[in-house]
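Chain letters run A, B, ... following the sequence lines, proteins first and then strands; every chain starts at 1.
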Protein chains: 2
Amino acid sequence: MAPSAEIICVGTELLLGEILNRNAQFLAQELARLGIPHYYQTVVGDNPVRMKRAIAVACQRSGLLIFTGGLGPTPDDLTTAVLADFFDAPLVERPEIWADITQKFAHRGLPPSESNRKQALLPRGAAILPNPTGSAPGLIWHPREGLTILTFPGVPREMHRMWQETAVPYLISQGYGQQPIYSQVLRFWGIPESVLAEKVAPFLDLTRPTVAPYAGEGEVRLRVSTVAASQAEAATWIDPVVAQIKAICGIHYYGCDDETLASVVGALLGEQGQTLAVAESCTGGGIGHQITVTPGSSAYFLGGIVAYDNSLKQALLGVEPQTLALEGAVSAAVAEQMAVGVRSRLHTTWGLSTTGIAGPEGGTPEKPVGLVYIGLAGPDGVQSLKCEFGAHRGRDWIRLVTVLTALDTVRRSLLSARAQG
Amino acid sequence: MAPSAEIICVGTELLLGEILNRNAQFLAQELARLGIPHYYQTVVGDNPVRMKRAIAVACQRSGLLIFTGGLGPTPDDLTTAVLADFFDAPLVERPEIWADITQKFAHRGLPPSESNRKQALLPRGAAILPNPTGSAPGLIWHPREGLTILTFPGVPREMHRMWQETAVPYLISQGYGQQPIYSQVLRFWGIPESVLAEKVAPFLDLTRPTVAPYAGEGEVRLRVSTVAASQAEAATWIDPVVAQIKAICGIHYYGCDDETLASVVGALLGEQGQTLAVAESCTGGGIGHQITVTPGSSAYFLGGIVAYDNSLKQALLGVEPQTLALEGAVSAAVAEQMAVGVRSRLHTTWGLSTTGIAGPEGGTPEKPVGLVYIGLAGPDGVQSLKCEFGAHRGRDWIRLVTVLTALDTVRRSLLSARAQG
């Protein structure tokens with residue numbers, strides 16, 4: 001049995017609540033995926049005495065210590081120096097790190113500063129955990145029998161890449177992750193968690209694979225997991241259950257794992273050789289931004305009009321002034337005219353529009369904050385969807401679920417067109 | 001000096017990475033606001049042995065233990081029972097809790113289940129920390145001299161209300177929160193962390209206020225903090241240091257606390273009665289989406305064109321076909337024509353454009369992934385900025401820093417126009 005891991009996040013900003021500890025969640029997910037047991041997480045500030053107390057506690061109860069944070073160039077970045085001090089190892093400058101830092105700065109046309117020099121120091125005996133993107137590398141170190149230490153910078157992007165490229169292969173080579181957990185996450189849109197949970201209730205009692213529901217931002221997910229020796233073995237347990245769940249849930253299921261509503265819509269458009277344009281009001285460009293997250297989206301996404309101001313709804317999308325005057329900008333008629341307008345002007349298969357009141361101001365009794373219309377124009381005409389998202393979860397949430405509901409509207413239309421075609 | 005607090009979050013779902021530890025952030029912010037020192041956070045699973053080990057460690061180093069999670073009715077909800085066992089106090093049923101639970105269930109037309117009965121148990125000597133919205137109350141307990149324990153359910157909504165309504169008044173009545181910490185976070189764009197740290201090096205040694213740098217996504221921040229009896233007293237310590245730092249850092253400083261590049265640009269536009277439109281290619285709508293995060297942005301943001309496809313750059317923005325053919329879509333000339341085009345078509349003071357190669361495909365030796373041009377057309381003509389963000393941090397990062405650099409370009413132009421005006 002491999003020793004258990006402990007995640008130690010270093011940073012006074014965590015103790016002040018200035019940032020959310022996403023690094024702990026990422027590492028926890030990864031440890032679970034690899035099947036590495038993990039029983040404790042510790043957060044400690046940029047203070048050498050307290051960091052040493054936390055290290056002393058952690059190495060009594062855990063054999064694999066994973067640090068994030070405290071690798072930067074500034075005086076309060078202390079992780080490497082405190083570890084060296086705690087385990088009584090001298091800090092030694094590694095010329096290859098310094099060369100790498102110098103080169104990265106040269107790339108940006110700058111010399112490294114003297115404060116970066118400490119990032120080239122590692123305790124004697126530690127190996128470099130390379131950081132391909134940032135200046136601070138981490139370390140891999142066995143300061144004593146039965147204890148392994150890995151350090152990562154606190155910047156999530158840098159940490160993720162270092163974890164995937166170096167730490168995971170290293171841990172597997174050391175005998176960790178022999179009984180990894182394999183999971184598939186099924187994603188649903190347009191169904192509340194409690195309704196989904198009732199639909200799939202018998203599956204929630206399974207022990208292999210386990211099926212657990214959890215709620216995301218407006219979406220619901222089911223995680224189907226099992227311990228297995230290989231992906232192929234896991235599939236024999238997971239696939240039949242996933243197939244049954246998909247059959248039960250029908251169109252509410254939209255994708256799995258890393259798929260997003262935008263990527264699923266993109267794949268469907270690409271498959272059918274169709275194109276999309278957007279006419280966005282309350283989302284301000286968010287749908288286009290989401291769609292173009294996917295590389296290669298230019299194959300099916302042409303672009304669109306952000307008609308935040310009403311004058312642009314007329315001038316650029318051909319919305320009729322009398323419709324705006326009679327129905328108001330937030331209305332089914334305007335959403336439909338926007339969708340038709342962008343589709344005909346950009347010569348696409350589909351035109352998708354949003355118009356709504358994201359708040360916090362601008363609501364009326366007839367048209368409260370959270371009221372949104374989504375328009376979709378396509379080969380068979382135009383339709384609109386009225387959504388009442390409510391004011392209580394705030395502007396950002398209203399805009400987010402508008403973007404996602406709009407994408408889901410396209411997804412359902414594409415699937416229904418495909419089913420009929 | 002009041003004893004320091006430790007946050008202990010109980011739940012295997014945290015160790016599996018299934019949920020983000022928002023409770024720790026909430027409590028950390030509250031402790032900072034109240035000036036209650038807080039040096040450690042611990043996460044532990046629903047396991048009695050490990051929970052006791054975590055309690056043993058915590059009560060050696062902290063005098064106020066704040067637990068979240070493990071108060072529910074299911075067998076893996078163990079916090080109250082483990083605390084009672086650890087401090088060797090018998091669990092006693094509190095009739096008033098059971099009456100409250102029964103009443104809450106009656107309200108929903110249900111009888112409580114037998115499993116809820118354990119939620120009515122508290123260790124002898126503990127006071128009830130009422131939960132107005134959920135079934136599980138918490139406790140307030142002094143199991144020994146110099147040690148205070150508070151427990152909360154893991155459901156954020158219930159926890160927040162119990163914290164505000166009962167825990168905060170209780171802690172203040174016990175002499176906590178007499179010396180709250182006040183902070184200001186200064187935000188910088190366009191300067192690396194190491195360069196900023198050198199510029200402000202003398203401030204990093206201050207003890208009152210303290211000044212600490214940290215890096216965000218492409219931006220750098222400095223936190224200036226002090227203990228003080230009031231906001232006004234804090235300001236006498238913080239304001240002079242902030243003023244000096246701003247003077248040293250000049251235009252690289254863009255805002256403080258909750259300000260964003262988009263909100264700062266919005267405020268400057270509003271102040272000068274000017275308007276903005278965007279012509280986005282590689283950012284796909286991200287600039288518009290960012291700008292419209294701010295409520296009331298319709299006062300200065302009209303909208304724009306998402307010209308993801310080259311045909312739209314011609315058709316909707318008037319980019320010349322020969323420029324596209326000769327220079328390519330990712331070029332200074334096209335960025336400038338896009339900016340000029342959107343400004344003249346939408347009749348705004350400023351037109352802002354982006355065109356670039358976000359990757360991972362589409363790069364060439366001459367035009368590698370990460371090459372981006374930002375165009376800005378204004379009353380004094382048009383300019384463009386060539387950015388080489390590099391491929392190594394990936395598509396999402398390139399798009400994010402493009403959005404933020406574009407907003408920063410507007411900010412610098414608005415400030416320089418104001419300085420000259």
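The part of A:F105 that comes within reach of chain B is its side chain, from C-beta onward, which places non-hydrogen atoms under 4.5 angstrom from that chain. Contact annotation for A:P75: only side-chain heavy atoms (C-beta onward) come within less than 4.5 Å of a heavy atom of chain B. Heavy-atom distances place the side chain of B:V185, and not its backbone, under 4.5 Å from chain A. With a 4.5 angstrom heavy-atom cutoff, B:V293 touches chain A via backbone and side-chain atoms both. With a 4.5 Å cut-off on non-hydrogen atoms, B:I398 does not touch chain A at all. Neither the backbone nor the side chain of B:T12 comes within less than 4.5 Å of any heavy atom in chain A. Proximity to chain B is limited to the backbone of A:T294, based on heavy atoms less than 4.5 angstrom apart. Residue B:E198 touches chain A through its side chain alone, counting heavy-atom pairs closer than 4.5 Å. Looking at B:A307, the atoms closer than 4.5 Å to chain A (heavy atoms on both sides) all sit in the backbone: N, CA, C or O. If you measure heavy-atom distances from A:S115 to chain B, the contacts under 4.5 Å come from both the backbone and the side chain. Neither the backbone nor the side chain of A:S135 comes within less than 4.5 Å of any heavy atom of chain B. Contacts between A:R223 and chain B at a heavy-atom distance below 4.5 Å involve the side chain alone, from C-beta outward. Only the side chain of B:R395 comes within contact range of chain A, with heavy atoms under 4.5 Å apart. For A:R345, no part sits under 4.5 Å from any heavy atom of chain B, backbone or side chain. Using a 4.5 Å cut-off between heavy atoms, A:N21 touches chain B through its backbone atoms (N, CA, C, O) alone. In this structure, chain B has a heavy atom under 4.5 Å from the side chain of A:L316, while its backbone stays farther away. Residue contact with chain B, scored on non-hydrogen atoms closer than 4.5 Å, is absent for A:E6. A:V57 touches chain B through its side chain: at least one heavy atom from C-beta onward sits under 4.5 Å away, while N, CA, C and O do not.
By the 4.0 Å N-to-carboxylate-O rule, B:R221 lies too far from A:E13 to be salt-bridged with it.
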Would A:L312 and B:L302 count as a side-chain contact (heavy atoms from CB on, under 4.5 Å) here? Give the steps. CA-CA 7 Å; A:L312 301 192; B:L302 267 63; 4.2 Å; yes

Verdict with reasoning, B:V306 to A:V306, per side-chain contact (heavy atoms from CB on, under 4.5 Å): CA-CA 7 Å; B:V306 178; A:V306 179; 4.1 Å; yes

How far apart are the C-alpha atoms of B:V44 and A:Q41, what are their side-chain angles, what is the distance that settles it, and do they pass the side-chain contact (heavy atoms from CB on, under 4.5 Å) test? CA-CA 7 Å; B:V44 63; A:Q41 295 169 8; over 6 Å; no

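Taking both residues in full, the closest heavy atoms of A:H289 and B:G285 are given as CB-C, 4.0 Å, listed atom of the first, atom of the second, then distance. For the residue pair B:G359 and A:P295, the shortest heavy atom distance occurs at O-CB, 4.1 Å. Counting all heavy atoms, side chain and backbone alike, B:P213 lies closest to A:T74 at CG-CG2, 3.4 Å. In plain terms, the two heavy atoms of B:Y308 and A:F301 that are nearest each other are CD2-O, 3.6 Å. Shown here for A:G284 and B:T292, the closest heavy-atom pair between the two residues is CA-OG1, 3.6 Å.
For the pair B:R393 (side chain) and A:G134 (backbone), a donor-acceptor distance under 3.5 Å is absent. Without hydrogens or angle criteria, A:R157 side chain to B:G394 main chain gives no donor-acceptor distance under 3.5 Å. Remark: the backbone N or O of A:L15 is paired with a side-chain donor or acceptor of B:H38 at under 3.5 angstrom. Without hydrogens or angle criteria, B:R61 side chain to A:R53 main chain gives no donor-acceptor distance under 3.5 Å. In this structure a side-chain-to-backbone donor-acceptor pair under 3.5 Å is present from B:Q29 to A:G17.
Heavy-atom neighbours of B:E388 CD from other residues, nucleotides or ligands within 6.0 Å: at or below the threshold of 12. Within a 6.0 Å radius of CG in B:D258, no more than 12 heavy atoms belonging to other residues, nucleotides or ligands are found.
The residue among B:L204, B:V195, B:L31, B:L346 with the most heavy atom pairs within less than 4.5 Å of chain A is B:L346. In terms of heavy-atom pairs under 4.5 Å with chain A, the best-connected choice from B:L20, B:I305, B:D205, B:V403 is B:L20. Counting heavy-atom pairs closer than 4.5 Å to chain B, the top residue among A:V278, A:D77, A:D46, A:I19 is A:I19. For the set B:S194, B:G286, B:G390, the count of heavy-atom pairs under 4.5 angstrom toward chain A peaks at B:S194. Comparing B:G304, B:A32, B:G45 by how many heavy-atom pairs each has under 4.5 Å with chain A, the most go to B:G304. Interface summary for chain B: among A:D396, A:T283, A:I291, A:V155, the most heavy-atom pairs under 4.5 angstrom belong to A:T283.
Taking the side chain as every heavy atom from C-beta outward, A:Y40 and B:V43 never approach each other to under 4.5 Å.
To the nearest 0.5 Å, the span separating OG on B:S298 from CD on A:E361 amounts to 11.5 Å. Taken from CZ in B:R50 to OG in A:S4, the straight-line distance is 7.5 Å, to the nearest 0.5 Å.
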